[in-house]
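As the structure is a computational prediction, the values presented were derived from the model and not from experiment. The figures here come from the full heavy-atom set of this structure, side chains too, leaving out hydrogens, waters and symmetry mates. The sequence lines fix the lettering, A, B, ..., with proteins before strands; numbering per chain opens at 1.
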Protein chains: 2
Amino acid sequence: MARTQGSHSEITGPRIRAAALKLFAAHGYAAVSMRQIAREVGLQAGALYNYTPDKQDLLFSLMKAHMDELLSACASHVTSGDATTRLRNFVDFHIQFHMGRADEIFIAYMELRNLSPENFETIEALRRAYEDTLGAILEAGLTEGVFDVPDPKVTTRALIAMLTGITTWYRPDGYLSPADVSEIYWNMTRKAVGV
Amino acid sequence: MARTQGSHSEITGPRIRAAALKLFAAHGYAAVSMRQIAREVGLQAGALYNYTPDKQDLLFSLMKAHMDELLSACASHVTSGDATTRLRNFVDFHIQFHMGRADEIFIAYMELRNLSPENFETIEALRRAYEDTLGAILEAGLTEGVFDVPDPKVTTRALIAMLTGITTWYRPDGYLSPADVSEIYWNMTRKAVGV
DNA sequence: TCTTGCCCTGAACACCCGTTCAGTTACAAA
DNA sequence: TTTGTAACTGAACGGGTGTTCAGGGCAAGA
């Protein structure tokens with residue numbers, strides 16, 4: 001037996017990550033075994049260790065990759081303009097990004113407690129950095145005198161919680177298009193900050 | 001050995017539930033073993049089965065009790081008045097209820113996927129019932145002509161997500177009192193629905 | 001054609017899992 | 001004081017866990 005036909009590192013690696021992502025999102029990190037992940041890919045459990053040092057690192061690298069992608073995509077979508085424009089761009093970006101990545105978002109929010117302390121600190125820092133981009137927009141709106149928010153920090157968290165909530169109910173085959181959803185959430189956000 | 005001094009069913013039962021609640025919230029249902037729960041209470045694992053038929057039922061009964069308490073407390077706090085008054089009462093109630101029950105809320109949102117299908121359906125129905133109380137308030141505000149919300153269902157979910165978000169950051173020893181938090185969230189809610 | 005080394009298998013390691021149950025003890029009622 | 005039983009222990013059940021590793025097959029380069 002051993003190596004089967006046509007298998008390659010460049011193919012197997014991503015397939016393992018995709019399987020882990022799907023299974024972690026569906027059942028939770030702790031409830032998924034390395035053997036289940038391997039079975040999903042069509043391997044024996046031992047083969048996974050050619051691609052990850054251990055299970056913990058598999059989770060961490062998925063979360064890290066997600067956060068890195070989130071931050072860089074956000075930075076390129078929410079760039080210039082006045083505070084209101086940037087807020088609108090942020091809302092649109094957040095909705096669009098989160099709609100297409102249900103599994104990643106689920107894991108990023110649910111599996112924080114299964115990270116080792118160092119890994120948690122790394123992910124938490126990235127999460128705070130993302131939060132701060134919205135925080136900065138709200139602060140800018142305050143100094144421009146166009147927003148009416150009593151506590152920018154609390155408002156930031158409230159808005160992000162509201163926007164991220166779409167992942168719990170949005171389905172592509174529902175009666176609302178992504179643009180509809182964006183419009184509804186933008187109007188709520190806009191009014192909530194007093195524009 | 002066997003039965004140790006001064007131990008009683010009326011004491012041990014709640015202690016087991018409290019330990020399970022705490023551990024499930026901290027590490028997740030799948031990551032916590034019956035032996036860990038028993039150790040926390042000072043028992044052997046076998047003794048737990050005098051109080052729960054199995055681990056799944058322990059999780060379910062915690063979630064069920066939480067949802068029942070949520071619904072009955074909500075019903076008694078959000079009763080009469082016009083739509084705006086009831087919305088304000090709902091926001092205050094939700095904030096106050098969720099601030100003091102971080103562990104319960106955490107489990108109620110995170111461990112849904114670890115419920116058996118029948119148990120999930122039961123909890124999900126209660127969750128929908130709670131959502132519907134807010135939905136009914138928004139509908140009432142629409143027919144009264146005082147709210148401006150394009151899609152009450154989406155707005156309901158967005159508001160609940162926003163309000164529930166406090167559990168991820170609120171700490172009793174922070175710089176904001178519960179009343180401050182309530183006020184901030186009420187103002188955001190109020191403006192978001194156009195009052 | 002031969003050889004090198006990547007990729008994978010399959011077995012093994014020590015340990016933990018939920019759950020059951022015969023047996024033991026402390027207490028309440030008689 | 002005796003007895004009945006609720007409450008609990010400790011061991012056992014079959015099975016699953018993450019991880020390691022010697023060895024074998026396949027493909028590409030010499």
Original post:
Does a side-chain N-to-carboxylate-O contact under 4.0 Å join A:R101 and A:E69?
Top reply: yes
**OP:** Can you tell me the distance, in whole Å, between the CG atom of A:L48 and the C1' atom of C:dT9?
**Re:** 12 Å
Original post:
Any side-chain N or O of B:T12 less than 4.0 Å from the OP1 or OP2 oxygen of D:dA7?
Top reply: no
Subject >> Length of the line joining A:N50:CG and D:dT20:C1', which is rounded to integer Å >> reply: 12 Å
**OP:** Using a strict cut-off of less than 4.0 Å between a Lys/Arg side-chain nitrogen and an Asp/Glu carboxylate oxygen, indicate whether B:R88 and B:D92 qualify as a salt bridge.
**Re:** yes
**OP:** For nucleotides 13-18 of chain D, just jot down a letter per nucleotide in 5' to 3' order: B, S or -, based on protein non-hydrogen atoms under 4.0 Å.
**Re:** ----BB
Original post:
Can A:E121 and A:R128 be counted as an ion pair, charged N to O under 4.0 angstrom?
Top reply: yes
**OP:** Rounded off to whole Å, could you give me the CD1-to-P distance for the A:I11 and C:dC7 pair?
**Re:** 11 Å
Please list every donor-acceptor pair under 3.5 Å in which a side-chain atom of residues 106-113 of chain B meets a protein atom from a residue at least two apart or in another chain.
| from | atom 1 | to | atom 2 | distance (Å) |
| --- | --- | --- | --- | --- |
| B:E111 | OE1 | B:N114 | ND2 | 2.6 |
| B:E111 | OE2 | A:R113 | NH2 | 3.0 |
| B:E111 | OE2 | B:Y29 | N | 3.0 |
| B:R113 | NH1 | A:F24 | O | 3.4 |
| B:R113 | NH1 | A:A25 | O | 3.2 |
| B:R113 | NH2 | A:E111 | OE2 | 3.0 |

Original post:
Salt bridge between A:E139 and A:K153, side-chain N to carboxylate O under 4.0 Å?
Top reply: no
Original post:
With sequence neighbours left out, what residues match A:K55 under salt bridge (Lys or Arg N to Asp or Glu O under 4.0 Å)?
Top reply: none
Original post:
Rounding to a whole Å, what distance do you find between B:R15:CZ and D:dA7:P?
Top reply: 15 Å
Original post:
Whole Å only: how far is the CD1 atom of A:I16 from the C1' atom of C:dC7?
Top reply: 11 Å
**OP:** For the side chain of A:Q44, starting at C-beta, report the closest nucleotide among C:dC8, C:dT9, D:dC8.
**Re:** C:dT9
